Amino acid sequence: MSAYKTALEALRRHRQEHNAFDLKAAFANDPERFARHSLTIGDLILDYSKCAVTGETMKLLASMAEAAGVEERREAMFSGERINVTEGRAVLHTALRGGAGDKVLLDGHDVMPAVESVLRAMSAFAEGVRSGAIRGATGKPFTDVVNIGIGGSDLGPVMATLALAPYHDGPRSHFVSNVDGAHISDSLKGLDPERTLFIVASKTFTTIETMTNAGTARRWIAERLDEAAVGAHFAAVSTALDKVADFGIGADRTFGFWDWVGGRYSLWSAIGLPIIMAIGPENFRSFLAGAKAMDEHFREAPLLHNMPVLLGLIGFWHRAVCGYSSRAVIPYDQRLARLPAYLQQLDMESNGKRVTLDGAPVSTPTGPLVWGEPGTNGQHAFFQLLHQGTDVIPVEFILAANGHEPELKHHHDLLIANCLAQSEALMKGRTLEEAKAQLVAKGMAEADAVALAPHRVFPGNRPSLTIIYGKLDPFALGRLIALYEHRVFVEAALFRINAFDQWGVELGKELATGLLPVIEGKKDASGLDASTAGLAAHVARLRQV
Ligand code: F6P
């Protein structure tokens with residue numbers, strides 16, 4: 001049997017032998033449980049003591065990591081090997097947060113001078129726009145920047161710009177991603193074309209949603225100003241510089257990146273241009289520095305003292321061994337409202353795979369469904385199911401110890417109390433006896449209390465982990481995102497899949513291209529399945545009304 005299979009079998013056996021594991025009892029029996037199952041780096045803590053693991057579980061998970069070659073794969077990534085085997089590409093987004101003095105070799109060439117040069121160019125451009133030195137065609141300074149992109153060319157900048165709102169001292173930011181005309185139409189309402197700058201962000205510069213929105217934006221400028229004004233109102237970010245030039249955006253406003261930066265790992269590259277526009281180059285460098293701090297920790301710390309590794313091991317334990325099919329990420333930090341959406345792409349586009357690196361079917365379930373909403377809002381929506389539903393869904397709580405509003409400290413006290421209380425409730429639960437006693441204590445008749453108590457039982461023993469940092473500043477955000485990136489990497493290594501391709505998005509794109517002429521009425525529906533043809537016909541009828 002391979003070392004991988006042996007390690008997996010040992011984990012599965014361990015799970016069976018301990019399936020009566022009780023978190024409440026584990027805490028009662030071990031005063032050191034929190035210390036044993038948490039890790040602190042500076043102000044950042046990861047507490048996984050409320051997950052059903054013991055020292056033995058962690059040892060077996062570490063053996064699993066060794067058998068899966070997590071450390072070797074990590075080194076292969078950092079050192080520029082082409083670990084994205086299905087696309088023949090290196091995976092070097094970590095180089096984007098390196099310093100000017102670092103050296104990162106790809107095929108013997110140091111990529112860092114080019115990285116630094118693009119960062120300087122985008123910083124200079126952003127400073128020009130922010131200061132008013134770079135203006136629109138009619139000489140007015142820009143008040144609004146509209147980023148047009150989708151997927152990795154949208155989700156990171158959207159998430160980070162909102163997260164860092166307290167540092168926002170540049171033009172207003174807007175993001176258009178959906179091909180639904182409602183998105184661009186609503187976004188442009190109220191904007192002044194003379195003062196609006198568009199950034200067209202697309203790694204490939206072929207994505208149909210982005211190119212359609214870019215075309216509409218171009219017409220919006222040309223019709224309201226004139227054709228000659230277009231150049232002054234557009235910038236672009238892409239790896240396809242020739243296609244950008246064909247679109248008519250000048251080389252001095254085009255910021256490149258490289259095929260070794262995956263779309264969902266690209267917010268550190270020129271794709272971060274809207275973030276720099278909003279918060280300025282200094283804060284952006286601090287965002288990069290936070291990610292770099294996590295890179296160094298990830299590369300150097302031993303497995304069981306390594307935060308991304310621990311997060312990945314717990315994720316693997318929950319998904320591949322316990323069989324939980326989803327995980328909720330709940331930031332108790334309103335400005336991280338778009339983090340779950342960002343993590344959906346990062347995690348699910350990376351690890352939603354069904355074959356291993358060599359094309360064989362995987363031997364465990366792979367990436368879970370990732371979802372979430374900020375707390376406390378989620379408490380009044382779906383937490384009912386987390387506490388009393390029939391599925392166990394591990395929860396990841398993310399919390400800032402301090403807000404940016406010292407005058408509203410009482411809000412933040414409530415936020416923190418709620419976050420900690422939720423993980424406590426998931427873990428402790430409430431027994432039938434406790435539920436009944438509580439009702440009787442409130443003066444309810446015994447018979448009524450017996451009837452009502454089952455509805456008020458919480459099974460408890462439900463796993464959650466908690467991440468806490470001092471304050472959501474650029475450094476803390478960069479570090480948090482890099483933590484999740486590396487966690488996805490570790491899980492992929494444990495699943496033995498390629499986290500860096502996304503062939504699963506292709507089929508829908510191909511079929512949409514084929515369907516467009518039918519929807520446009522240029523082609524009949526022959527050859528389509530009855531459902532798709534029927535739906536297309538129904539839509540066509542409704543559009544005639
Ligand atoms: O959804 C597929 C995808 O290729 C993502 O991986 C990517 O982030 C997104 O589309 C946008 O691609 P592009 O930046 O090339 O427009």
Side-chain angles (χ1 to χ4, degrees), residues 83-93 96 118 122 146-161 175-180 183-184 198-218 234-247 249 254-275 338-354 366-367 369-370 481 484-485 488-489 492 497-513:
I83 60 168
N84 176 358
V85 286
T86 59
E87 295 179 310
R89 291 176 182 168
V91 175
L92 276 176
H93 50 277
L96 300 167
V118 172
M122 61 196 265
V146 182
N147 189 73
I148 297 178
I150 197 165
S153 302
D154 169 70
L155 288 162
V158 172
M159 176 274 297
T161 307
F175 295 90
V176 174
S177 50
N178 201 326
V179 77
D180 184 342
H183 201 178
I184 192 158
F198 291 95
I199 300 171
V200 185
S202 173
K203 181 174 171 181
T204 54
F205 229 71
T206 56
T207 306
I208 191 73
E209 292 93 333
T210 300
M211 298 329 293
T212 305
N213 279 319
T216 301
R218 193 183 206 288
F234 276 82
V237 179
S238 186
T239 58
L241 304 184
D242 49 336
K243 296 198 174 75
V244 177
D246 292 347
F247 185 87
I249 299 176
T254 302
F255 305 94
F257 61 114
W258 307 272
D259 74 355
W260 41 264
V261 181
R264 52 195 173 273
Y265 300 86
S266 64
L267 80 171
W268 323 98
S269 72
I271 290 291
L273 186 57
I275 311 174
R338 296 299 288 163
L339 181 70
Y342 173 79
L343 292 180
Q344 280 177 335
Q345 190 201 17
L346 179 65
D347 202 323
M348 293 162 74
E349 199 166 81
S350 296
N351 287 352
K353 309 284 164 65
R354 51 188 292 286
T366 59
L369 166 66
V370 178
I481 300 307
Y484 269 92
E485 282 180 351
V488 167
F489 178 89
I497 57 176
N498 180 8
F500 299 104
D501 62 13
Q502 56 284 317
W503 301 108
V505 301
E506 293 304 320
L507 180 59
K509 282 188 200 172
E510 278 165 30
L511 294 181
T513 308

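In listed order, ligands and their atoms are each counted from 1. Fair warning: this is a prediction, and the values are worked out from it, not measured in the lab. We number each residue from 1, following the sequence as shown. For the numbers below, each heavy atom of this structure counts, side chains included, while hydrogens, waters and symmetry mates do not.
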> To which of K509, E349, Q502, Q345 does the heavy atom nearest atom 1 (O) of ligand 1 belong?
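Ranked by closest heavy atom to atom 1 (O) of ligand 1, first place is E349.
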
> Got a sec, which residues hit ring-ring contact (aromatic ring centres under 6.0 Å, His included) with Y342, two or more places apart in sequence or on another chain?
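Listed in chain order: nothing, the list is empty.
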
> Kindly identify the option in G152, S238, S153 whose heavy atom sits closest to atom 14 (O) of ligand 1.
S153

> Tell me which one of V200, T207, T210 gets a heavy atom nearest to atom 13 (P) of ligand 1.
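Comparing heavy atoms across V200, T207, T210, the nearest one to atom 13 (P) of ligand 1 lies in T207.
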
> Tell me the protein heavy atom at minimum distance from atom 2 (C) of ligand 1, and give that distance in Å.
V505 CG2, 3.5 Å

> Taking side chain to side chain contact (heavy atoms under 4.5 Å, CB included) as the criterion, tell me which of I271, V237, I148, V146 meets it with I199.
V237

> Passes side chain to side chain donor-acceptor pair (under 3.5 Å), R354 versus T366? Steps please.
CA-CA 7 Å; R354 51 188 292 286; T366 59; over 6 Å; no

> Answer yes or no: is there a donor N or O on one side and an acceptor on the other, between the side chain of D501 and the main chain of W503, under 3.5 Å?
no

> How does T204 reach ligand 1, if at all, at less than 4.0 Å between non-hydrogen atoms: by side chain, backbone, both, or neither?
both

> Can you list everything that forms a salt bridge (charged side-chain N to carboxylate O under 4.0 Å, His left out) with R218? Sequence neighbours excluded, please.
E227

> Write out the residue and atom name of the closest protein heavy atom to atom 9 (C) of ligand 1, then the distance separating them to 0.1 Å.
I150 O, 3.7 Å

